[in-house]
Amino acid sequence: MKQKTQLKNKSFKSESEIYGFWESEKFFSADLQSSKKPFSLLIPPPNLTGELHLGHAMQHSILDALARFKRLQGFDVLLLPGVDHAGIQFEATFEKKLSKENLSKQKLGREKWLEKAWEFKEEIYKSVSGSWRMLGLSADWDREVFTLDEGPKKAVFEAFKSFYDAGLIYKGPYIVQWCPKDRTAIEDVEVEYEERKEKLYYLKYGPLTLATTRPETKFGDTAMAVNPKDERYKDYVGKEFEIDTLAGKKKMRVVADDAVDPEFGTGVVKVTPAHDFADYQMGIRHNLPIVQVINKEGKLTDVAGKYAGMKVQEAREAMLPELKEKGILIKEEEYAHNVAVCERCKSVVEPIISEEWFVKVGDLAKAAIKVINASKINFLPKNYARIITDWLENIHDWCISRSLWWGHRIPVWYPSTSLRTSPSTPLRQAQGRSGQVADMKVSLDSPGEGWVQDEQVLDTWFSSGLWPMSTLGWPEKWKMVNGKLKIENSYFPWDFEISAPEIKFLWIARMIMLSVHFTGNIPFKIMFFHGMLRDLEGRKFSKSLGNGIEPAYLIDKWGVDATRMALYTYSVPGRDGRVSKAILDERGKNYRNFATKLKNITKFILELKPNGSTRHSGLSRVDSGVAQKAPQNDNVKMNTDDEKMVADLDALVKQVTKHLENIDLHLAAEAIYEFTWHKFADVYIEKSKARRAEAQPVLEYVLKQLLIMLHPFMPFVTEELYQKFEVKRESIMEETWPSA
RNA sequence: GGACUCGUAGCUCAGUUGGCUAGAGCGUCUCGUUUACACCGAGAAGGUCAGAGGUUCGAGUCCUCUCGAGUCCACCA
């Protein structure tokens with residue numbers, strides 16, 4: 001505690017000046033060696049792709065309110081900031097920027113490209129960092145982490161190596177979701193479905209007719225399939241027929257498989273193992289060859305004959321006339337179905353066979369389910385526990401490689417003499433799930449001359465999934481037990497984590513799995529899912545719709561504190577909020593008015609004192625100005641109004657504390673607001689005017705308590721006004737939360 | 001096709017484990033230039049808490065169904 005004999009009443013010119021004061025006095029720093037109980041909050045690292053939006057502002061306001069509340073309660077609070085490199089998204093935004101400069105990945109090459117990427121990262125980071133400070137985020141900046149920093153790099157390597165040694169990592173050609181635009185494999189959870197109206201084409205395949213939406217994959221068909229119970233086609237099963245693919249004739253067998261729905265189309269399907277997940281499985285079951293028709297750029301391969309080189313959609317349209325002409329296409333139907341698109345860039349994703357790395361997550365998922373079912377994590381709202389366990393129940397292996405440059409490069413090295421890829425027999429590999437190259441080495445740095453590193457990088461979520469640990473120096477700093485009273489993992493598990501619901505599987509479920517696996521412990525005690533802020537039509541805010549509202553717009557207009565207060569009204573867990581500029585302006589105005597009200601109350605109580613009123617307000621005169629107890633000094637005469645006021649305040653303290661402990665920020669904020677304005681100002685202060693001098697001690701006492709309780713929500717005004725007290729501490733941040 | 005959430009005043013939303021005449025902000029109307037504040041104060045209008053049934057001494061709050069809105073998961077070639 002900073003003890004100064006004479007504390008000056010600071011006056012600040014701006015919010016940023018107040019922030020600078022807090023920062024330079026190190027009020028945000030966590031202190032491992034302190035005797036206080038730790039309370040840790042982990043900031044979800046925003047993606048490094050641009051400005052922070054309203055959702056971030058709400059999320060960070062919630063985190064900051066809790067951090068400030070816990071600090072006032074006397075905890076050693078760690079609010080840890082960081083940003084995420086966001087592989088795919090970053091590369092997409094960076095590519096747009098590069099193309100404006102007439103540059104590209106190809107032109108620059110990996111090394112130069114990475115150099116420029118880091119410069120770009122710094123540029124974006126500045127805006128993120130600026131927004132955080134503008135919002136008043138009381139984060140421990142000395143501990144800030146970026147997902148590509150050395151710390152996370154070591155954690156990522158440790159996790160990768162550990163998985164590898166345990167036989168949980170394998171590599172090989174498998175069918176994956178491939179985004180032709182981003183040129184990388186993505187995960188099922190990164191795929192969205194859009195309903196589209198397309199055509200269902202009825203094609204003649206030898207003696208049979210079948211229905212398909214994708215005639216262009218015809219070149220990769222290696223069988224026809226029917227349901228084994230389908231009487232109509234019983235006699236065809238096992239027989240071979242000659243089919244015209246428009247790129248030459250081909251012999252094709254008819255197989256029987258339960259996966260075929262006899263009700264759909266004609267009950268016959270073409271089997272394209274290379275470009276359809278169900279067909280791939282059928283291919284394995286019936287030992288069918290795999291023929292690649294679509295390449296990683298989303299164009300048809302040489303097997304497509306004269307259609308080779310065309311994009312999927314082009315090829316489809318181009319081949320229809322020929323199919324008709326040859327009598328192969330006999331019928332078209334309108335057909336509405338779901339098309340898989342990349343959640344980032346919205347382009348149609350193609351199932352493609354590609355050489356990728358995978359983690360076997362079955363056992364990790366089981367362990368995660370166990371801790372969730374044992375209620376070790378307090379989910380808010382609580383039904384998210386089941387949503388997550390449901391997903392974990394049906395989890396499949398995690399494709400952790402991405403064909404990108406921005407990320408943690410896979411720490412695997414091959415002798416430059418050997419071939420890195422092993423495309424020989426994909427199916428055998430797929431069935432055996434063994435695709436490890438015998439002489440590869442797992443190492444962070446090059447094992448020496450003549451070794452080349454794997455070209456791919458790890459999925460962004462691999463490093464994000466380790467975030468709760470890597471930010472605290474796992475594994476290195478967790479090992480120094482001897483001689484150290486407290487180590488970094490004193491903050492682990494985190495007391496509080498918050499997230500948007502949309503990344504509950506991508507991120508939250510992964511953190512739980514990885515944390516349970518590597519530490520045997522949960523990553524966080526409270527998992528808070530906030531709702532999504534939407535526009536009045538219920539749509540998400542997005543750049544493409546142009547319906548976004550900049551937090552800076554509100555902050556400029558109404559001030560940070562008012563903006564934060566407006567956002568807390570939407571902080572009910574799991575509930576979406578519908579907002580428009582007008583509605584947020586309305587709330588901003590309301591809370592700006594409240595801030596003004598507070599200033600006027602303070603002016604009345606502390607600046608417009610009646611002559612002869614007690615200088616020290618009758619509060620305890622020896623301490624440094626903490627208003628812990630109601631005025632009970634003999635010099636203070638309390639009447640029934642005073643007593644009621646003090647009793648009401650006590651009740652408020654209880655109520656607000658409870659709401660904050662339950663993370664009901666909206667209720668806590670509303671309760672203080674209501675009390676301050678309509679009980680304290682409208683009633684008590686008005687009545688006190690008749691006996692001002694006598695009421696002065698209670699006026700000051702109540703005001704100070706209210707400011708302290710409001711500080712988590714409105715940090716700036718409360719600091720500004722607190723400084724006007726004669727008896728006080730250096731900052732309101734050093735005050736103590738009132739106890740009733 | 002599965003799972004979940006929501007439907008409360010004109011608008012945006014609160015309403016803790018069921019308990020007094022259902023709340024806030026904004027908006028509307030009336031009044032008020034009282035020496036903290038018009039970015040204010042006093043007051044008013046406005047809701048059969050989507051609908052129906054049930055449990056209960058008592059339900060916006062629990063159960064069932066219907067209607068409506070939305071989210072997530074799976075996905076049919």
Side-chain angles (χ1 to χ4, degrees), chain A residues 188-189 191-193 195 200-201 203 210-215 217 221 224-225 257 259-272 275-279 282 335-340 381 383-384 386-388 390-391 393-394 501-502 504-505 531-534 536-540 558-559 562 565-566 568-580 582-610 655 658-659 662 664 666-667 669-671 673-674 677-678 681-683 685-686 688-689 692 699 703:
Chain A
D188 287 347
V189 263
V191 170
E192 290 178 345
Y193 291 89
E195 187 169 294
L200 188 61
Y201 303 97
L203 305 178
L210 54 78
T212 180
T213 53
R214 309 206 55 184
T217 59
D221 294 343
M224 289 175 275
D257 198 291
V260 180
D261 176 6
E263 302 292 318
F264 183 86
T266 60
V268 186
V269 296
K270 60 203 243 353
V271 185
T272 324
H275 301 290
D276 184 280
F277 287 90
D279 291 6
M282 270 198 256
Y335 186 61
H337 69 141
N338 290 332
V339 176
N383 60 314
Y384 274 74
R386 241 202 74 198
I387 294 177
I388 289 175
D390 281 354
W391 183 75
E393 300 274 2
N394 302 307
E502 59 182 356
K504 56 190 174 295
F505 306 136
M532 300 285 293
L533 290 179
R534 301 169 178 282
L536 290 181
E537 288 155 58
R539 300 174 307 180
K540 280 187 205 170
W558 310 112
M565 285 296 273
Y568 293 126
T569 61
Y570 289 98
S571 70
V572 186
R575 294 238 185 138
D576 290 355
R578 296 195 170 193
V579 297
S580 64
I583 285 168
L584 286 169
D585 271 338
E586 168 202 311
R587 296 204 179 202
K589 185 174 126 194
N590 176 217
Y591 290 111
R592 189 275 321 263
N593 292 354
F594 181 56
T596 309
K597 187 79 184 177
L598 278 173
K599 287 177 190 169
N600 281 310
I601 290 171
T602 307
K603 183 170 146 201
F604 175 75
I605 294 176
L606 298 181
E607 291 171 22
L608 303 174
K609 288 188 200 181
Q655 194 189 359
K658 198 181 107 196
H659 286 323
N662 295 342
D664 285 322
H666 60 297
L667 297 180
E670 195 197 317
Y673 170 94
E674 175 67 22
W677 202 319
H678 302 299
D682 290 348
V683 180
I685 293 181
E686 285 307 319
S688 79
K689 284 175 181 171
R692 177 63 197 273
L699 284 171
L703 173 62

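Note on naming: letters A, B, ... go to the chains in the order of the sequence lines (proteins, then strands), and numbering restarts at 1 for each one.
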From [atom1] of [X] over to [atom2] of [N], roughly how many Å is that when rounded to an integer?
X	N	atom1	atom2	answer
A:Asp664	B:A24	CG	C1'	16 Å
A:Ile685	B:U34	CD1	P	18 Å
A:Lys603	B:A36	NZ	P	9 Å
A:Ile605	B:A36	CD1	P	12 Å
A:Asn590	B:A14	CG	P	16 Å
A:Asp585	B:C39	CG	C1'	14 Å
A:Arg592	B:A38	CZ	P	12 Å
A:Asn383	B:C4	CG	P	9 Å

[N] to [M] separation - [atom1] atoms, rounded to the nearest Å:
N	M	atom1	answer
B:U5	B:U64	P	11 Å
B:G25	B:C40	P	11 Å
B:G10	B:C31	P	24 Å
B:U34	B:C11	P	36 Å
B:G41	B:G27	P	13 Å
B:U33	B:A38	C1'	9 Å
B:G60	B:G15	C1'	8 Å
B:G58	B:U21	C1'	15 Å

What nucleic acid atoms does [X] come within less than 4.0 Å of, heavy atoms only: base, sugar-phosphate, or nothing?
X	answer
A:Ile601	base
A:Glu586	base
A:Leu667	sugar-phosphate
A:Tyr673	sugar-phosphate
A:Val572	sugar-phosphate
A:Lys589	sugar-phosphate

Should stems be defined as at least three consecutive Watson-Crick or G-U pairs with both distances under 3.5 angstrom, which of them involve RNA chain B?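 Stem segments, range with range: B:1-7 with B:67-73, B:10-13 with B:23-26, B:28-32 with B:40-44, B:50-54 with B:62-66.
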Nearest-nucleotide wise, let me know which of A:Gly577 and A:Asn593 is further upstream toward the 5' end of RNA chain B.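 Whichever sits nearer the 5' end wins; that is A:Gly577.
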Nearest-nucleotide comparison on RNA chain B, the residue closer to the 5′ end among A:Lys689 and A:Thr569: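 Its nearest nucleotide lies further toward 5', so the answer is A:Thr569.
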Starting the side chain at C-beta, find the nucleotide from [options] nearest to [X].
X	options	result
A:Glu670	B:U12, B:A14, B:A36	B:A14
A:Asn600	B:C39, B:U12, B:A36	B:A36
A:Ile583	B:C11, B:C4, B:A24	B:C11

Taking N or O atoms only and anything under 3.5 Å, show me the protein contacts with nucleotides 41-46 of chain B, one pair per line.
residue	atom	partner	partner atom	Å
B:G41	OP1	A:Lys597	NZ	3.2
B:G41	OP1	A:Trp677	NE1	2.1
B:G41	OP1	A:Asp682	OD1	3.2

Which letter, B, S or -, goes with each nucleotide of nucleotides 70-77 of chain B from 5' to 3', with contact meaning a protein heavy atom under 4.0 Å? -SSS-BBB
Mark yes or no for a side-chain to base donor-acceptor pair under 3.5 Å between A:Lys658 and B:U16, with no hydrogen or angle criteria applied. yes
Ignoring hydrogens and angles, are the base of B:U5 and the side chain of A:Arg575 linked by a donor-acceptor pair under 3.5 Å? no
Just by distance, do the side chain of A:Asp576 and the backbone of A:Gly531 share a donor-acceptor pair under 3.5 Å? no
Is A:Phe604 close to A:Leu703 at the side-chain level, that is, under 4.5 Å between some pair of heavy atoms? no
In short, A:Leu210 meets A:Val269 closest at the heavy-atom pair CD2-C, 3.8 Å
So, applying ring-ring contact (aromatic ring centres under 6.0 Å, His included) with A:Tyr591, which one of A:Trp558, A:Tyr673, A:Trp677 is it?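 By the ring-ring contact (aromatic ring centres under 6.0 Å, His included) criterion, A:Tyr591 pairs with just one of A:Trp558, A:Tyr673, A:Trp677: A:Tyr673.
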Would you say a side-chain N or O of A:His666 is under 4.0 Å from OP1 or OP2 of B:G15? yes
